[in-house]
There are 2 protein chains.
Amino acid sequence: MTAPGPAPKRRRVTIKDVAAAANVSPMTVSNVINGRHQFVGEATRKAVEKEIARLNYRVQESARGLRTSYRRSVGIAIVDETQTFLSDHFNAHVVAGLSNVLSRHNHTLLVQGIPPQQFSKSLVIQNFAVDGFCVIMSGPPARRAEIVDTLVRLDQPVVLIQETTAPRAPDICIVRQDDAGGGRVLADHFAARRLARYLVIKPETEWPAIEARVDGFCEAIRRLVPEASIDIVRTATEDFDSVQRSVAAYLDSHALPDAIFGANDRLAIGAMLLLQAKDIAIPGRVRIAGFNGFESRRYARPLITTVMSPAYAIGERAAEALLERFAGDSFRETDVVLPVHLDPGETT
Amino acid sequence: MTAPGPAPKRRRVTIKDVAAAANVSPMTVSNVINGRHQFVGEATRKAVEKEIARLNYRVQESARGLRTSYRRSVGIAIVDETQTFLSDHFNAHVVAGLSNVLSRHNHTLLVQGIPPQQFSKSLVIQNFAVDGFCVIMSGPPARRAEIVDTLVRLDQPVVLIQETTAPRAPDICIVRQDDAGGGRVLADHFAARRLARYLVIKPETEWPAIEARVDGFCEAIRRLVPEASIDIVRTATEDFDSVQRSVAAYLDSHALPDAIFGANDRLAIGAMLLLQAKDIAIPGRVRIAGFNGFESRRYARPLITTVMSPAYAIGERAAEALLERFAGDSFRETDVVLPVHLDPGETT
DNA sequence: CTGTTAGCGCGTTCAA
DNA sequence: TTGAACGCGCTAACAG
């Protein structure tokens, strides 16, 4: 019979326990764990590994982190108004890319979604728990500048996703896609069809990446089709209701355009569904193209022409940049631009 | 001119530095940080807080974690064949719900996607860095059982998402949605329309949640429409090509069913797009319903009837369960089932 | 190749 | 209400 009373508080297995069990010093166990095989004999190594497995030993990251002042971890802060900050496929792909590369290099990823106003008070920022940050910002330029200020004050490596204006700050790296180039590719695609009247749909709130693709598009159209007209419609939010209200209002006072460029697929598809509901043939009467090319695009018919975003690769590159930075003492590149490519659908 | 040589390695500011600057002991700073206001005078508290802000002090989580043996963090392991483990909206919503509740309680979330074979060798599992786990499993029952074994051996609190078979293990809690009930609600919906010939589409690989909704559906149909026939088609993967091949093969040798139930929206929409391409009117000739109700469903027309998944709430509940578990010494509930509800669309 | 010593930054315990 | 001493588990630096 065991004595009554509260269950004994199990102590976790430590490096010392393993050392005792294997009849070696803790240091040797540490050497085995960290793959310093040069310092450990084959036989002792086997013995230690056996004890590690038998005792179910796991490295205590806090102790290791305290000692080495390196936590092998990255935090990703996703600045987003909405609580479902990962429903955006762009964010989801970036996180997946980051996470996978980090895992492969035995680093962990801390994920936190943060409303813009609370950025500086958020946990990942306030406490010291990671070795570097990856940040997906949003909101108007002033808000984004505040965020960058907060980040600079942390004095840790930071990768900014999809920023265009390079902040003049040390230890910051930008990883983004070639949005302007994507806009130009689409302009080429439309211009080859000799279309003259264009409508661009973009969100009210100013996103640097979206500005870039719209600017790239407009400049190229003006260059390629000098006689073209380009109207721009802004939508309050990106949901279908909002898009459709804005486009419907536009159509009330303007003739049907020849082509519509939605600054992302959701905007483009929102417009397409509206036109289809009005029995306007696509691409017969109006051509439509979007931007991003994530999976949900395939749900709408006809398949929309789009520019494919390398979001997953952006996450991978961000992770690689941070890992390199940790290994050295500065980012090797500070502005990484990934190519995009046109994926023609059935709407142009 | 500064002397040449490597930049001096900046030491991070510690609790001691703050204490010195504020002319108090480190203990007092610690009391301020941890909100033990009973032990600190109003004036000293202000002074300390001022120095914390001025010096940009941040708590070193590894030191605190080492001392308290509590890291204030949860790991989510998403077992998935694909590298883009967050493109599934279900996963994305669960992660967001988890993350937000944890943040609100000053806890962090480590995210890792893991291919089924590598589960036990993954970083979050191998190393000791979190206080508990949330796991979204996948794969056949045998593989899932292995994963549960691995988890049990960790001797840490675990929340399993969307499992149906309660593992007889301590310190495990299941959080899931009422899939069987969702299947029944859809059956009611169809049965009220006096439909007799049903086709169910489900993936080849056995997912407990999907089995539950299909079983719930079939049982209810058999009860409500005794003369009904139910055929089942399995698809190798969930992408449109695969779904459409399977359904097309079925239609080659069978008459058109009255109604189709896709075990999730993607399967249902894949089938719908195939029928539409064959000029079969929906819902005129065939009624269709899916399951989940995430955003991309809105891209397909007509809007599909579906059962809404409370995925975000599942993440929230998982976080709450873990936080409660950390505060006490066992899970309060070990099988949490969240309700689902029908969202009628235009396809039934 | 293996062992010893010391200390990373914090919070607990106890004394003042 | 504040301060001093100690140790959490690990690894860098060095000695053997």
Side-chain angles (χ1 to χ4, degrees), chain A residues 9-49 51-52 55-73 106 126-131 156, chain B residues 9-49 51-52 55-73 106 126-131 156:
Chain A
K9 193 155 188 171
R10 257 184 321 281
R11 211 176 47 79
R12 294 273 164 196
V13 176
T14 75
I15 219 175
K16 243 183 206 162
D17 301 321
V18 176
N23 266 316
V24 297
S25 82
M27 196 55 235
T28 302
V29 177
S30 173
N31 283 333
V32 172
I33 291 166
N34 294 291
R36 285 185 272 271
H37 293 185
Q38 342 126 21
F39 300 156
V40 185
E42 176 75 7
T44 25
R45 205 196 73 215
K46 293 262 187 203
V48 169
E49 278 167 351
E51 290 307 317
I52 286 177
L55 298 174
N56 242 309
Y57 168 78
R58 298 159 72 208
V59 178
Q60 301 257 7
E61 287 294 347
S62 349
R64 172 190 272 175
L66 175 58
R67 177 64 238 215
T68 61
S69 61
Y70 185 54
R71 282 142 295 280
R72 312 199 193 192
S73 78
N106 288 322
Q126 284 281 329
N127 288 14
F128 193 87
V130 297
D131 305 302
Q156 291 196 272
Chain B
K9 193 156 187 168
R10 255 185 322 281
R11 211 177 50 78
R12 294 275 164 194
V13 13
T14 74
I15 221 176
K16 243 184 207 161
D17 301 320
V18 177
N23 265 314
V24 298
S25 82
M27 193 56 237
T28 303
V29 177
S30 173
N31 283 332
V32 171
I33 290 167
N34 295 291
R36 285 186 273 271
H37 294 184
Q38 343 126 21
F39 300 156
V40 185
E42 176 76 6
T44 25
R45 203 196 75 215
K46 294 261 187 205
V48 169
E49 278 167 353
E51 290 307 318
I52 286 178
L55 297 174
N56 244 310
Y57 168 78
R58 298 161 72 208
V59 178
Q60 302 255 8
E61 288 294 347
S62 351
R64 172 190 271 176
L66 176 58
R67 180 61 241 214
T68 62
S69 62
Y70 185 53
R71 283 141 295 281
R72 310 198 194 196
S73 77
N106 289 321
Q126 284 281 330
N127 288 15
F128 195 87
V130 297
D131 304 302
Q156 291 197 275

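The sequence lines fix the lettering, A, B, ..., with proteins before strands; numbering per chain opens at 1. Worth knowing before you read on, the calculation uses all heavy atoms, side chains too, and leaves out hydrogens, waters and symmetry mates.
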If you compare every side-chain N and O of [X] against the phosphate oxygens of [N] (OP1, OP2), does one of them come in below 4.0 Å?
{"X": "A/Tyr57", "N": "D/dG9", "result": "no"}
{"X": "A/Thr44", "N": "C/dT2", "result": "yes"}
{"X": "B/Ser25", "N": "D/dG3", "result": "yes"}
{"X": "A/Arg67", "N": "D/dG9", "result": "no"}
{"X": "A/Ser30", "N": "D/dT11", "result": "yes"}

Starting from [atom2] on [N], measure out to [atom1] on [X] and report it in whole angstrom.
{"X": "A/Arg72", "N": "D/dT11", "atom1": "CZ", "atom2": "C1'", "answer": "11 Å"}
{"X": "A/Lys16", "N": "C/dG3", "atom1": "NZ", "atom2": "C1'", "answer": "14 Å"}
{"X": "A/Arg64", "N": "C/dG9", "atom1": "CZ", "atom2": "P", "answer": "18 Å"}
{"X": "A/Arg58", "N": "D/dG9", "atom1": "CZ", "atom2": "P", "answer": "14 Å"}
{"X": "A/Ile15", "N": "C/dT4", "atom1": "CD1", "atom2": "C1'", "answer": "14 Å"}
{"X": "B/Arg71", "N": "C/dC10", "atom1": "CZ", "atom2": "P", "answer": "17 Å"}
{"X": "A/Asn31", "N": "C/dT4", "atom1": "CG", "atom2": "P", "answer": "14 Å"}
{"X": "A/Phe39", "N": "D/dA12", "atom1": "CZ", "atom2": "P", "answer": "10 Å"}

Side chain of B/Met27 only, heavy atoms from C-beta on: which candidate in D/dA4, C/dG9, C/dT2 is closest? D/dA4

Please classify the nucleic acid contact of [X] as base, sugar-phosphate, or nothing, using heavy-atom distances under 4.0 Å.
{"X": "B/Ser62", "answer": "nothing"}
{"X": "A/Arg36", "answer": "sugar-phosphate"}
{"X": "A/Tyr70", "answer": "nothing"}
{"X": "B/Phe128", "answer": "nothing"}
{"X": "A/Leu66", "answer": "base"}

Using the closest heavy atom to pick a nucleotide of DNA chain D for each, name whichever of A/Gln60 or B/Val40 lands nearer the 5' end. B/Val40

Output yes when A/Glu42 and A/Arg45 qualify as a salt bridge under the 4.0 Å nitrogen-oxygen rule, no when they do not. yes

What do the steps show when you test A/Asn56 against A/Arg12 for side chain to side chain donor-acceptor pair (under 3.5 Å), and what is the final call? CA-CA 10 Å; A/Asn56 242 309; A/Arg12 294 273 164 196; over 6 Å; no

Does the side chain of B/Glu61 reach to within under 4.5 Å of the side chain of A/Glu61, using non-hydrogen atoms? no

Test side chain to side chain contact (heavy atoms under 4.5 Å, CB included) on B/Ile15 and B/Ile33; report intermediate values, then the result. CA-CA 9 Å; B/Ile15 221 176; B/Ile33 290 167; 4.0 Å; yes

Nearest heavy-atom approach of A/Ser73 to A/Ala129 is OG-O, 3.2 Å

Among A/Val32, A/Asn31, A/Thr44, find the one that has a side-chain contact (heavy atoms from CB on, under 4.5 Å) with A/Val24. A/Thr44

Most 5' of A/Glu42 and B/Asn34 on DNA chain C, judged by nearest nucleotide: A/Glu42

